[in-house]
Amino acid sequence: MAEERKDVAVEEQDAAAAERGGLWRRLRQGLTKTRTQLVERIGAAVEDRGVAPEEVLAALEEALISADAGVETSLELIARVRGGLRPGELADPLRLRELLVDEVAILLLDAPPMPRIPVTTRLVTLVIGVNGSGKTTSIAKLARRSLDLGESVALVAADTFRAAAIEQLVVWGERLGVPVVRQGQGSDPAAVVYDALQAARARNISHLIVDTAGRLHTKKPLMDELAKIGRVVAREGGEDCARRTLLVLDATAGHNVLRQAQEFQNAVPIDGVVLAKLDGTAKGGMVVSLARDLRLPVAFLGVGEGAQDLVPFNAREFAKALLGTGAE
Ligand code: GDP
């Protein structure tokens, strides 16, 4: 079997290195708002000693729903916790959190993973998402991660609709020391990608990260634009060139995000989600909804405004960071 790229998932054997690199600490910090709220609610449910066990479980369920874990998924989680409980454990908030960590991790491991990408000479990552979602910052973070993995990177300004988008990408390119392939505002995005592929060949660049307009006014322009870019990549990228599409979503937008994700999902094939601004919300349970209810693979989590603030998704570490039973 062909070797696979390692930039998405952090496998168990890489987990120790991830810990040393501070990734899980960053994840725990990013989930502070969500965790604080969940932990407080679980504590309050248990402390209220007058209530019946079923009410403690109902309060847990409510806590999960209020963190946007999704109604069905929250019900399923509680049913599983109930099944695993031993006498007396309902009075122990820490034990309840441990049980929930296990069940959240099991649910997430059962959700669709990012499709594996074979190690190729070149990877083209198309990034879509609405304005303000954190798309440009996420592109910079993806570039930072590739650089850290020893790859050569270029950013591609194929969101030619707004001059500001091109400029913003140029600023990040300068900051990161990576080239930015661009044309003027209003030019054909596929032509910019064509230029980028030529430049990649000439300068031996292994990862092109493409900022697309990725708008969703109506499905058709988005589908057409991405299809056209896809054709250029297939034709000009050569045989040994892989392509993936990542959707950036803004975690602070709450429920709207799930609806938006569904609309994008109906319009174009999405390989994975980058959930940005997770640090700015107490609704981090949304990751569970995306993975379980929408069956969308979660690839990366954005946990801050800096280029280092990107964490590859790992089910177990996410569950631990969400419920705070690991090292703080
Ligand atoms: P775009 O319009 O979709 O390209 O969005 P930007 O990348 O310009 O981001 C919009 C705002 O969100 C900027 O102020 C970013 O600094 C901020 N932002 C992006 N990602 C994150 C994140 O993961 N955490 C936080 N706290 N802010 C973020």
Side-chain angles (χ1 to χ4, degrees), residues 8 22-37 68 125-146 148 153 155-176 178 180-182 185 189 192 209-217 222 225-226 245-254 256-257 260-261 263-264 267-268 270 272-287 290 298-314 317-318 321-322:
V8 174
L23 273 181
W24 304 148
R25 181 180 42 78
R26 225 169 272 149
L27 176 64
R28 281 193 292 273
Q29 274 169 1
L31 278 165
T32 301
K33 285 191 183 168
T34 308
R35 183 177 54 251
T36 307
Q37 190 174 309
D68 270 0
T125 300
L126 305 179
V127 185
I128 61 176
V130 301
N131 289 340
S133 61
K135 186 157 60 93
T136 316
T137 313
S138 297
I139 287 169
K141 291 172 179 176
L142 290 168
R144 174 78 266 160
R145 183 162 170 76
S146 265
D148 290 346
V153 186
L155 308 182
V156 185
D159 180 355
T160 57
F161 194 71
R162 290 181 312 143
I166 303 174
E167 278 155 30
Q168 215 186 337
L169 212 61
V170 169
V171 170
W172 271 114
E174 279 166 10
R175 239 183 251 171
L176 295 167
V178 300
V180 179
V181 180
R182 64 185 145 139
Q185 184 186 3
V192 185
I209 308 176
V210 184
D211 184 17
T212 72
R215 262 165 216 95
L216 204 63
H217 290 316
L222 175 68
E225 182 180 313
L226 291 180
T245 303
L246 297 180
L247 169 65
V248 178
L249 296 170
D250 176 351
T252 62
N256 287 340
V257 152
Q260 196 186 85
E263 283 172 21
F264 272 103
V268 287
I270 293 163
V273 166
V274 180
L275 191 63
K277 311 187 203 177
L278 202 57
D279 53 313
T281 176
K283 306 280 188 188
M286 187 189 296
V287 171
L290 282 169
V298 179
F300 295 102
L301 306 173
V303 293
E305 291 182 279
Q308 301 284 356
D309 296 325
L310 185 76
V311 182
F313 183 68
N314 175 292
E317 292 301 331
F318 176 81
L322 188 70

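Predicted model only: the values in this text are computed from it and were never measured. As the structure lists them, so they are numbered: ligands from 1, and atoms in each ligand from 1.
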Side chain, backbone, both or neither: which applies to [X] and ligand 1 if a contact is any heavy-atom pair less than 4.0 Å apart?
X    : result
L278 : neither
T136 : both
V130 : backbone

ask   = Okay, side chain of T34, backbone of G284: is any donor-acceptor separation there less than 3.5 Å?
value =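 Looks like yes, one N/O pair under 3.5 Å.
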Can you list the atoms of ligand 1 that are under 4.0 Å from a heavy atom of [X]?
X    : result
G302 : 23 (O)
S133 : 3 (O)
V303 : 23 (O)
K135 : 1 (P), 3 (O), 4 (O), 5 (O), 7 (O)

task = Identify whether the distance between the nearest side-chain nitrogen and carboxylate oxygen of K141 and D309 falls below 4.0 Å.
result =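 No salt bridge links K141 with D309.
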request  = Considering only non-hydrogen protein atoms, determine which one is nearest to atom 27 (N) of ligand 1 and report residue, atom name and distance to 0.1 Å.
outcome  =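 I find the closest protein heavy atom is E305 CG, 3.2 Å.
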request  = Kindly indicate whether the side chain of L290, heavy atoms from C-beta on, has any atom under 4.5 Å from the side chain of L275.
outcome  =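 Yes, close enough: below the 4.5 Å cut-off.
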If I apply the N/O under 3.5 Å rule, does [X] come out as touching ligand 1?
X    : answer
N131 : no
A276 : no
D279 : yes

key: Criterion ring pair (Phe, Tyr, Trp, His ring centres under 6.0 Å) on F318 and F313, from CA distance to verdict   = CA-CA 7 Å; F318 176 81; F313 183 68; 5.7 Å; yes
